[in-house]
Amino acid sequence: MTQPDGNDVPTTITGPVNAAPDSPQRNRPQWDDLPVPDDTANLRQGPDLHEQCVGLLPLIGVWRGTGEVVYPTIDGPFHFGQQLVFAHDGRPFVSYEARAWLLDEDGKVIRPAARETGFWRPQPDGSLEVLIAHATGIIEAWYGEKGDLRSWQIETDAVVRTPSAKDVVAAKRLYGLVNQGDLAYVDERAMQGQPMQPHMSALLHRVVG
């Protein structure tokens, strides 16, 4: 598959040198009997990426790795594994899903942890609108300036919480490609009555796309 032309965006898809060897052949689970195009996390399969999403092309795929999370009112840090999925169905948005699991000091899985789901909505000028819902009862609206195909920075414009959710009032995130194709991110939050401070970070490797 070739992609729509864009500034500094190659139309030939090549994977990073440190991606999983079988990542070009893999995809997220597919529903072949859907009456409309299913999401694809593999740019070689499914519908063409919408021209408005070209600025997010490097993110499309499935990523797995490990990270560290700290809370201002709880002793830590805590280690976790995580999978991120950036996929599309040919329309001008990218679907997003994150699943995490807590790890012990030896890297063994303790239990499932945080989950997020949402949409990245690039605008005609290249800026980003991002909607993320957390399983913990938080919904966030994020905004960001146009990225440079290697980094994307977003920050919350609004945070909505259910009565049982933690007291989060604002957040910032920076995603970036590092190490010839890995994906790293850092998340800062103002929560539990504390000022904005580092909350979560991870380094992820491409396993699909």
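Bear in mind the structure is a predicted one, so any value in this text is a computation, not a measurement. We use all heavy atoms of the structure for the numbers below, so side chains are in, but hydrogens, waters and symmetry mates are not.
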| Any donor-acceptor pair under 3.5 Å from D48 side chain to G90 backbone | no

| said: Are I132 and L128 linked, directly or through intermediate hydrophobic residues, by side-chain heavy-atom contacts shorter than 4.5 Å (ILVMFWY only)? | reply: yes

| field | Distance, nearest 0.5 Å, that separates CG of L49 from CZ of R91 | value | 13.5 Å

| Tell me the side chain to side chain donor-acceptor pair (under 3.5 Å) pairs involving residues 98-109, sequence neighbours left out? | none

| task | Measure the OG1-CG distance between T40 and D89 for me, rounded to the nearest 0.5 Å. | result | 10.0 Å

| field | Considering all heavy atoms, the nearest P47-P37 contact | value | CG-CB, 4.3 Å

| request: Indicate yes or no: at least one non-hydrogen side-chain atom of Q83 is less than 4.5 angstrom from one of V62. | output: yes

| Are V168 and Y185 joined in one hydrophobic group, where the rule is that I, L, V, M, F, W and Y side chains link up if heavy atoms are under 4.5 Å apart? | yes

| message | Restricting to ring pair (Phe, Tyr, Trp, His ring centres under 6.0 Å), what partner residues turn up for F78, sequence neighbours left out? | response | none

| task | Take W142 and V159 through the side chain to side chain contact (heavy atoms under 4.5 Å, CB included) test and state the conclusion after the steps. | result | CA-CA 9 Å; W142 306 69; V159 179; over 6 Å; no

| request: Mind checking ring pair (Phe, Tyr, Trp, His ring centres under 6.0 Å) for F80 and listing every partner two or more places apart, or none if nothing turns up? | output: none

| query | Are the side chain of H134 and the backbone N or O of T136 linked by a donor-acceptor pair below 3.5 Å? | reply | no

| said: Could you measure the distance from the CG atom of D157 to the CD atom of E129? Nearest 0.5 Å is fine. | reply: 9.5 Å

| D39 and V85: side chain to side chain contact (heavy atoms under 4.5 Å, CB included), yes or no, with the steps? | CA-CA 10 Å; D39 282 0; V85 180; over 6 Å; no

| message | I'd like to know if R150 pairs up with D148 as an ion pair, taking the criterion as any Lys NZ or Arg NE/NH1/NH2 lying under 4.0 Å from an Asp or Glu carboxylate oxygen. | response | no

| said: Test of understanding: with ring pair (Phe, Tyr, Trp, His ring centres under 6.0 Å), list the residues that count as partners of Y71, not counting sequence neighbours. | reply: H199

| query | When you look at K166 and Q192, which way does the side chain to side chain contact (heavy atoms under 4.5 Å, CB included) test go after all the steps? | reply | CA-CA 7 Å; K166 290 185 180 298; Q192 302 298 102; 3.8 Å; yes

| note | Rounding to 0.5 Å, atoms OG1 (T156) and CD1 (I138) come to a distance of 10.5 Å

| remark: Apart from M196 itself, members of its ILVMFWY cluster (side-chain separation under 4.5 Å) are none

| task | Look at the side chain of Q180 and the backbone N and O of V178, then say whether any donor-acceptor pair between them is shorter than 3.5 Å. | result | no

| request: Looking only at non-hydrogen atoms, find the nearest pair between F86 and L59 and report the distance. | output: CB-O, 3.3 Å

| Reported CD-to-CG distance for the pair Q153 and L174, which is rounded to 0.5 angstrom | 5.0 Å

| query | Is a side-chain N or O of D187 found less than 3.5 angstrom from the main chain of R173, in a donor-acceptor match? | reply | no

| said: Which heavy atom of G61 sits nearest to which heavy atom of R206, and what is that distance? | reply: CA-NH1, 3.7 Å

| query | Are L203 and V207 connected in the hydrophobic side-chain network, where two residues link if heavy atoms are under 4.5 Å apart? | reply | no

| Which residue pairs pass the salt bridge (Lys or Arg N to Asp or Glu O under 4.0 Å) test when at least one of the two sits in residues 191-200, sequence neighbours left out? | none

| Between H88 and S95, which heavy-atom pair has the shortest distance, and what is it? | N-OG, 4.4 Å

| said: For G209, is there any backbone N or O sitting under 3.5 Å from a side-chain donor or acceptor partner on S23? | reply: yes

| query | Do M200 and L183 share a hydrophobic cluster, counting only Ile, Leu, Val, Met, Phe, Trp and Tyr and linking them when any side-chain heavy atoms are less than 4.5 Å apart? | reply | yes

| Steps toward side chain to side chain contact (heavy atoms under 4.5 Å, CB included) verdict (L204, D182) | CA-CA 6 Å; L204 308 161; D182 290 337; over 6 Å; no

| query | Can D167 and R161 be counted as an ion pair, charged N to O under 4.0 angstrom? | reply | yes

| field | Mutual orientation of the aromatic rings belonging to W120 and Y96 [parallel < 30°, tilted 30-60°, perpendicular > 60°] | value | tilted

| query | Roughly how far, to the nearest 0.5 Å, is CD of Q82 from CG of L84? | reply | 4.5 Å

| query | Got a sec: does the CD of Q197 have more than 12 other heavy atoms crowding it under 6.0 Å? | reply | yes

| According to a 4.5 Å side-chain heavy-atom criterion applied to Ile, Leu, Val, Met, Phe, Trp and Tyr, with indirect links allowed, do V36 and W31 form part of one hydrophobic cluster? | no

| message | Looking at E140 and R189, is there a salt bridge between them, counting it only when a charged N and a carboxylate O are closer than 4.0 Å? | response | yes

